[in-house]
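Comments concern the structure below.
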Amino acid sequence: QDHVRQMQNDIMEQLIPQDASGAVENLADLNVTSNLGRMTHYYFQQGGKMLRPTVSLLMGNACNSAMNRSIPEEQIAIPISERSGISSHLIVCQNQYKIGMIAEMIHTASLVHDDVIDEANTRRGSASVNAVWGNKMSVLVGDFILARATQILCSIGKPKVIAVMASIIEDLVLGEFMQMSVTPSEATPSQRMVAYIEKTHRKTASLFASSCRSTAILADPSNSNLHQTAYEYGRNLGIAFQLADDLLDFIATSDEMGKPVAADLKLGLATAPVLYACEQYPELTTMLLRKFKHEGDAERARDIVMNSDGMDKTRQLIDAYSQKAVEMASSLPNRNESTEQLIKLALSQTDRKF
Ligand code: FPP
Ligand code: MG
Ligand code: MG
C-alpha cells in the first residue's frame with residue numbers, strides 16, 4: 001500500500017469530495033466546483049515528499065510514547081513517505097493525523113501563492129498552478145485550500161491547538177514580507193545573518209515547529225516542557241531544511257528539484273551562501289543592496305559565491321541546526337522508533353540532494 005497516497009486522498013476528500021454532493025450538483029452548471037476541484041487537487045495528485053506531516057506525526061508518536069500514552073480507540077496508521085527515507089507505519093490519534101493533513105495543506109497553499117509571487121512556472125516537476133490557470137485563480141485556489149485547512153483545524157476543537165496552528169499562517173506572511181524588504185545599508189554582516197535566520201524561521205521553520213508543538217499538545221495537554229521540546233525540534237530542523245534548500249539553489253539542477261534553481265539571486269534574495277561570501281568579498285554587498293538588479297549582477301554574484309567559503313560555511317550552519325534538533329529529540333523520555341527517525345531526519349539535512 002502506498003501510505004503517502006492515503007493522506008493525499010484524505011486531503012483531496014476534504015478539499016472537494018470526489019463524488020459530488022447535492023451542493024456540488026447545484027453549482028455544476030456554473031462549472032465552478034469541478035474546476036476548483038481540479039485546481040485544488042492538482043498538487044496533491046502529484047505527490048510530494050509529505051515531509052511536514054511525516055515530521056509532525058513522528059513527533060506525535062514520540063510524544064505519545066514519552067507520556068506512556070495509550071490510545072486505544074482513536075489510533076490510526078499514518079503514511080510515511082518512502083522518499084523521506086523512512087518507511088514504516090506508526091500509530092497516532094485521529095487529531096494528530098489531522099495536524100499532519102493541516103500542515104501539508106497550509107504548506108501547499110503557501111506554495112500556490114509563492115509561485116505567483118516568484119513568477120515560477122514549474123513545481124514538483126510539472127507546470128505550476130499559476131502557469132496552468134493564471135495568477136488570479138491561483139490566489140483563490142491558495143485561499144480555498146487554507147479555508148478547508150481551517151475547517152479541519154476547528155473540528156479538532158482545541159483552542160490552544162487552533163492558536164498554535166494559526167500562528168503559522170501569520171509567520172508565513174511575515175516571513176515573505178521580511179524577504180521582500182530591503183536590508184538597511186548600514187547593517188553589519190552579522191545583523192544581516194540574524195535577520196535572515198529570523199526570516200527563515202517565519203517562512204519555513206515555524207510550520208515544522210508549530211505542527212510539532214500541536215501534536216505534542218495533543219499527546220499531553222498540560223506538559224509545557226514537552227510542547228517546548230517538540231517546538232524546538234521542529235524549529236531547528238526547519239531552519240536546517242531551509243538552509244539546505246538555499247544551498248541547493250546553488251548546486252542542484254532543476255530536474256533534481258522539480259522547480260527552478262539558480263533562482264534566488266535573480267529574485268533579489270541573499271541567502272546564507274551569499275551572506276557568508278559578503279564577508280570575504282565586499283563588492284558582493286554593493287550588489288546585494290541593489291538586489292542584484294544591474295545587468296549581469298546575478299551571474300557575477302553567483303561566480304563570487306561559488307569561489308567563496310560561503311557554501312562550506314552554510315554546510316556547517318546546517319550541521320549546527322541539525323545537531324540542536326538531534327539534542328531536542330534525544331531529550332524526549334522513553335525514546336522509541338519514531339524518536340530515532342526524527343534524529344535520522346535531522347542528520348540527513350546536511351547532504352540532502354533534493
Ligand atoms: C517557498 O519559498 C515559500 C514559502 C516557504 C512561504 C510562502 C508564503 C507565502 C506566499 C505567504 C502566504 C501564505 C499562505 C499560507 C497562503 P521559496 O520561494 O524560497 O522556495 P521555492 O524554491 O520552493 O519556490
Ligand atoms: Mg518565494
Ligand atoms: Mg518560490
Side-chain angles (χ1 to χ4, degrees), residues 43 107-132 134-136 138-139 142 171-185 187 189 191-207 238-239 241-278 281 283-306 308 310-311 314 317-318 352 354:
Y43 283 148
H107 171 59
T108 304
S110 81
L111 293 183
V112 174
H113 285 183
D114 177 71
D115 287 338
V116 172
I117 295 171
D118 292 347
E119 300 176 42
N121 290 324
T122 53
R123 172 70 67 187
R124 295 182 178 163
S126 300
S128 57
V129 169
N130 49 309
V132 181
N135 284 350
K136 293 181 187 183
S138 298
V139 171
D171 276 335
L172 285 169
V173 174
L174 292 175
E176 276 299 298
F177 254 82
M178 279 186 85
Q179 182 163 285
M180 280 178 195
S181 57
V182 189
T183 353
S185 57
Q191 284 170 329
R192 265 183 233 289
M193 188 55 94
V194 169
Y196 163 79
I197 295 294
E198 180 58 25
K199 178 214 78 180
T200 301
H201 165 72
R202 294 205 154 122
K203 166 181 147 170
T204 306
S206 168
L207 180 43
I239 293 177
F241 177 82
Q242 184 61 49
L243 284 167
D245 213 64
D246 292 345
L247 185 64
L248 284 166
D249 190 68
F250 283 91
I251 56 181
T253 65
S254 53
D255 265 2
E256 287 169 313
M257 300 297 282
K259 61 183 184 183
V261 290
D264 288 344
L265 288 167
K266 286 179 217 147
L267 289 168
L269 306 180
T271 55
V274 184
L275 294 176
Y276 281 126
C278 280
Y281 300 94
E283 70 265 37
L284 201 51
T285 308
T286 314
M287 286 190 261
L288 177 156
L289 289 171
R290 58 181 188 235
K291 290 184 143 192
F292 312 101
K293 281 284 177 288
H294 285 192
E295 185 74 34
D297 271 2
E299 292 74 14
R300 242 181 67 225
R302 195 181 159 78
D303 286 343
I304 295 176
V305 172
M306 298 302 246
S308 74
M311 316 236 275
T314 302
L317 195 61
I318 297 171
R352 187 154 74 82
F354 51 79

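In this text the structure is predicted, and so the values were computed from the model without any measurement. Note that these values count all heavy atoms, side chains included, but never hydrogens, waters or copies made by symmetry. Residue indices begin at 1 and follow the sequence shown.
Atoms CG and OG1, from Leu243 and Thr204 in turn, are 9.0 Å apart once rounded to the nearest 0.5 Å. For the atom pair NE2 (His107) and CG (Leu111), the distance works out to 4.0 Å, reported to the nearest 0.5 Å. The distance from the CG atom of Leu275 to the OG1 atom of Thr285 is 9.0 Å, given to the nearest 0.5 Å. Atom CD of Gln242 is separated from atom CG of Leu247 by 11.5 Å, given to the nearest 0.5 angstrom. For the atom pair CE of Met257 and CZ of Arg123, the computed distance is 9.5 Å after rounding to the nearest 0.5 Å. Here the CG-CD distance, from Asn135 to Glu119, works out to 7.5 Å after rounding to the nearest 0.5 Å.
Counting all heavy atoms, side chain and backbone alike, Met178 lies closest to Ser181 at O-OG, 2.9 Å. Of all non-hydrogen atoms in Asn121 and Ala131, the two that sit nearest each other are O-CB, 3.6 Å. The two residues Gly142 and Ala109 come nearest to each other via the heavy atoms O-CB, 3.4 Å. Nearest heavy-atom pair across Ala298 and Leu265 is O-CD1, 3.6 Å.
Looking at Leu269 and Asp246, their side chains never come closer than 4.5 Å, going by heavy atoms from C-beta outward. With contacts defined as side-chain heavy-atom distances shorter than 4.5 Å, the pair Val274/Tyr196 does not qualify. Looking at Met193 and Tyr276, their side chains come closer than 4.5 Å, going by heavy atoms from C-beta outward. For the pair His113 and Leu172, the minimum side-chain heavy-atom distance is 4.5 Å or more. In this structure the side chain of Leu288 reaches within 4.5 angstrom of the side chain of Cys278, judged on heavy atoms. Looking only at side-chain heavy atoms (C-beta outward), Arg202 and Phe177 stay at 4.5 Å or farther from each other. Residues Glu176 and Asp114 form a side-chain contact, since some pair of their non-hydrogen atoms from C-beta on lies under 4.5 Å apart.
Within 6.0 Å of the CZ atom in Arg300, the count of heavy atoms belonging to other residues, nucleotides or ligands does not exceed 12.
A side-chain contact (heavy atoms from CB on, under 4.5 Å) with Pro273 is found for exactly one of Asp264, Ile251, Leu317, Thr314, namely Thr314. When the options Asp249, Asp245, Asp118 are evaluated for a salt bridge (Lys or Arg N to Asp or Glu O under 4.0 Å) with Lys259, the one that passes is Asp245.
One N or O on the side chain of Arg352 and one on the backbone of Phe241 form a donor-acceptor pair closer than 3.5 Å. Looking only at distances, a side-chain donor or acceptor of Arg302 sits under 3.5 Å from a matching main-chain atom of Phe250. With Tyr43 contributing its side chain and Val129 its backbone, the two residues share a donor-acceptor pair below 3.5 Å.
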Steps toward side chain to side chain donor-acceptor pair (under 3.5 Å) verdict (Ser206, Asp171): CA-CA 7 Å; Ser206 168; Asp171 276 335; 2.8 Å; yes
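A donor and an acceptor atom, one from each side chain of Ser128 and Asp115, are nowhere located under 3.5 Å apart.
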